[in-house]
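All chains are named by letter (A, B, ...) in the order of the sequence lines, taking the proteins before the strands, and each is independently numbered beginning at 1.
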2 protein chains.
Amino acid sequence: MLYTVKEISELAKVTVKTMHHYHRIGLLLPCCVSDAGYRLYGEKELERLQQILFYRELDFPLKEIKKLLDGEPERLSILACQKQLLFSRMQRLERLVQTIDESIRCTAEGVMMDKKAMFNGFGTEQEWKEALSEQTQYLKAKYNYDLIEENPIDVASMNQSAQDAMHFMVRMANALREGVRFDDQKVQNLIERHIHSLNKQGHVTTAASFAAQAKFFLHDEFHRNMLEAQQTGLSYYLYVAAEDLATKKV
Amino acid sequence: MLYTVKEISELAKVTVKTMHHYHRIGLLLPCCVSDAGYRLYGEKELERLQQILFYRELDFPLKEIKKLLDGEPERLSILACQKQLLFSRMQRLERLVQTIDESIRCTAEGVMMDKKAMFNGFGTEQEWKEALSEQTQYLKAKYNYDLIEENPIDVASMNQSAQDAMHFMVRMANALREGVRFDDQKVQNLIERHIHSLNKQGHVTTAASFAAQAKFFLHDEFHRNMLEAQQTGLSYYLYVAAEDLATKKV
DNA sequence: TCTAAGGGCTCCTGTTAGGGTAGAGTCAAC
DNA sequence: GTTGACTCTACCCTAACAGGAGCCCTTAGA
């Protein structure tokens, strides 16, 4: 599949002029040129354009983008690096928001703001960027493999919990609200008693399997929402407490 | 108190050239000029320069900045508007990070990525900015007063890392309240960015060590209470999310 | 088969936001 | 009263495109 300049420009939301420009400076060459001299781009070029745009977003000069892309052909490490750079850009913006908040406060109160604090977050990123850009090697070594592999959510297929867990949950929620530690004896007893009652009702459950179930609740949208609706943080509290009990019981 | 170009340039981290330029185009005039023709700036000019830099950060052309600042002399409404703009810029960056994540996944799996999805988040902000910039009136009416009242915590007295940590916790608490999954990309990114920032500040931290730290918070009365005071369940949420990130990173 | 609309190409000039020197005047301290 | 840091204007330079002129290519429809 080949794309004309127009098609590319619509896909990537750049102007045709930009495509011409990138061709002229050798940043992004068309994969072939038609008899009539039309530029035609393929998948590879699309990928490269994407990288270019990420770097451009971060205000890298085109010359440097070219150097970086020509020097490092590994798409994955480039992407990982770009992600880090986007992160630090976001942090910079967060810093700026803090500065704005400070300014708003001072202006509202009529207080004079600290002159230096007025410009917090403005100059710093450039230095960071350079530092990071030089550290590409380091980042690559550190993050490349880390960031790549994805996890398939290992959903332990558990049977449905009984409806009378309601009572148990209410007590757990109360404990959470009252600030009772997850490893407090009261909480542990609560869980043990609940497990006991589950077994009585025919649901064979151990501390470990209960912990697994709690973990499942974390992943399962329905159960998690149900618990969180009852009390914010309940699903996480339950999981941590159950996990703790299970490890102690081994 | 009057400042020379050099002093200003060091305070605001801009070059003297920039100051000259802003003078020439009438964007930022010195409050007075010495006999020898030296530019001298006062507090008012510092404030205006701050506004200029905020707008510049958002890629507003200088002409438009001039129009905006000359048209709207109310500092508070300008700041409130700029804050909104910074937020939407951050959202855009978040979308770009999502796009990167998608790209990383597809590249790692060798799957061909949807061509349009490859460029998600690139072109859109400009339109937003224009829309927002036109809506200044609206934003002013809607946000001006909302945004002003600040939390009583004395932000100024906190050091950078404490501010970062607070900011991070606030966002985590929001995520928890809003029912965002612990393994949602947004939360994961939040943590990654926080780790990133910790490392920047000299605290060498990995996903694993951060998870260990979160675990320690669970056990430590003081930290747990602090987190739970901020939002019920936060310490558990933080731990589960951190643990999840760490296991993914192995 | 002709034609008009819509792309596309090159070449040239224009714009924005400054950067880099030069050459000369100025300030502040020892 | 001289030295070194600072400042001024003036002029030219650069990056990353944008706009337009003038001309070519392609393809759907009469």
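Rounded to whole Å, atom C1' of C:dG8 lies 15 Å from atom CD1 of A:I8. B:M19 has its CE atom 12 Å from the P atom of C:dG19, to the nearest Å. For the pair B:L62 CG and C:dA17 P, the computed distance is 4 Å after rounding to whole Å. Atom CG of B:D59 is separated from atom P of D:dA16 by 14 Å (rounded to the nearest Å). Whole-Å rounding puts the A:F60 CZ to D:dA16 C1' distance at 17 Å. Going from atom CD of A:E7 over to atom P of C:dG6 covers 17 Å, rounded to whole Å. The interatomic distance linking B:K66 (NZ) with C:dA17 (P) rounds to 13 Å, in whole Å. In this entry the distance linking CD of B:E64 with P of C:dA17 reads 10 Å, nearest Å.
Each salt bridge (Lys or Arg N to Asp or Glu O under 4.0 Å) pair with one or both residues in residues 6-23 of chain B, not counting sequence neighbours, appears once here: B:K6-B:E10. Pairs passing the salt bridge (Lys or Arg N to Asp or Glu O under 4.0 Å) check and including a residue from residues 33-44 of chain B, sequence neighbours excluded, read A:K115-B:E43, B:K44-B:E47.
Side-chain nitrogen and oxygen atoms of A:R39 include none within less than 4.0 Å of the OP1 or OP2 phosphate oxygen of C:dG8. Phosphate proximity of C:dG7 to A:T4: absent, as no side-chain N or O sits under 4.0 Å from OP1 or OP2. Listed pair B:K63 / C:dT16 meets the phosphate criterion, a side-chain N or O lying under 4.0 Å from OP1 or OP2. Residue B:H20 has a polar side-chain atom (N or O) positioned under 4.0 Å from OP1 or OP2 of D:dC8.
Legend: residues meeting ring-ring contact (aromatic ring centres under 6.0 Å, His included) with B:H23, ordered by chain and number and at least two apart, are absent. For B:Y55, the ring-ring contact (aromatic ring centres under 6.0 Å, His included) partners are B:F60, not counting sequence neighbours. Annotation: ring-ring contact (aromatic ring centres under 6.0 Å, His included) contacts of B:Y38 (sequence neighbours excluded): none. Take A:Y3 and apply the ring-ring contact (aromatic ring centres under 6.0 Å, His included) test, not counting sequence neighbours, and it matches no residue.
Here B:R89 does not pair with B:E57 in a salt bridge; the nearest charged N to carboxylate O distance is not below 4.0 Å. Under the 4.0 Å criterion applied to side-chain N and carboxylate O atoms, B:E102 and B:R105 are assigned as salt-bridge partners.
Proximity note for A:T15 (side chain, C-beta onward) versus D:dT9, C:dA17, D:dA18: the nearest is D:dA18.
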Exercise for the section: Scan nucleotides 21-30 of chain C nucleotide by nucleotide, 5' to 3', and note B when protein non-hydrogen atoms come under 4.0 Å of the base, S if they reach only the sugar-phosphate, - if neither. Expected result: B---BBS---
For residues 167-180 of chain B, please give each side-chain donor-acceptor pair under 3.5 Å, one per line with the distance, not counting sequence neighbours.
{"residue": "B:R171", "atom": "NH1", "partner": "A:E94", "partner atom": "OE2", "Å": "2.5"}
{"residue": "B:R171", "atom": "NH2", "partner": "B:E94", "partner atom": "OE2", "Å": "3.4"}
{"residue": "B:N174", "atom": "OD1", "partner": "B:R177", "partner atom": "NH2", "Å": "2.7"}
{"residue": "B:N174", "atom": "ND2", "partner": "B:V170", "partner atom": "O", "Å": "3.3"}
{"residue": "B:R177", "atom": "NH1", "partner": "B:Q231", "partner atom": "OE1", "Å": "2.5"}

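Interface residues of residues 21-30 of chain A facing DNA chain D, ordered by number: A:H21, A:Y22; criterion, heavy-atom separation under 4.0 Å.
Nearer the 5' end of DNA chain C, as judged by each residue's closest nucleotide, is the contact made by A:G37, out of A:G37 and B:R56.
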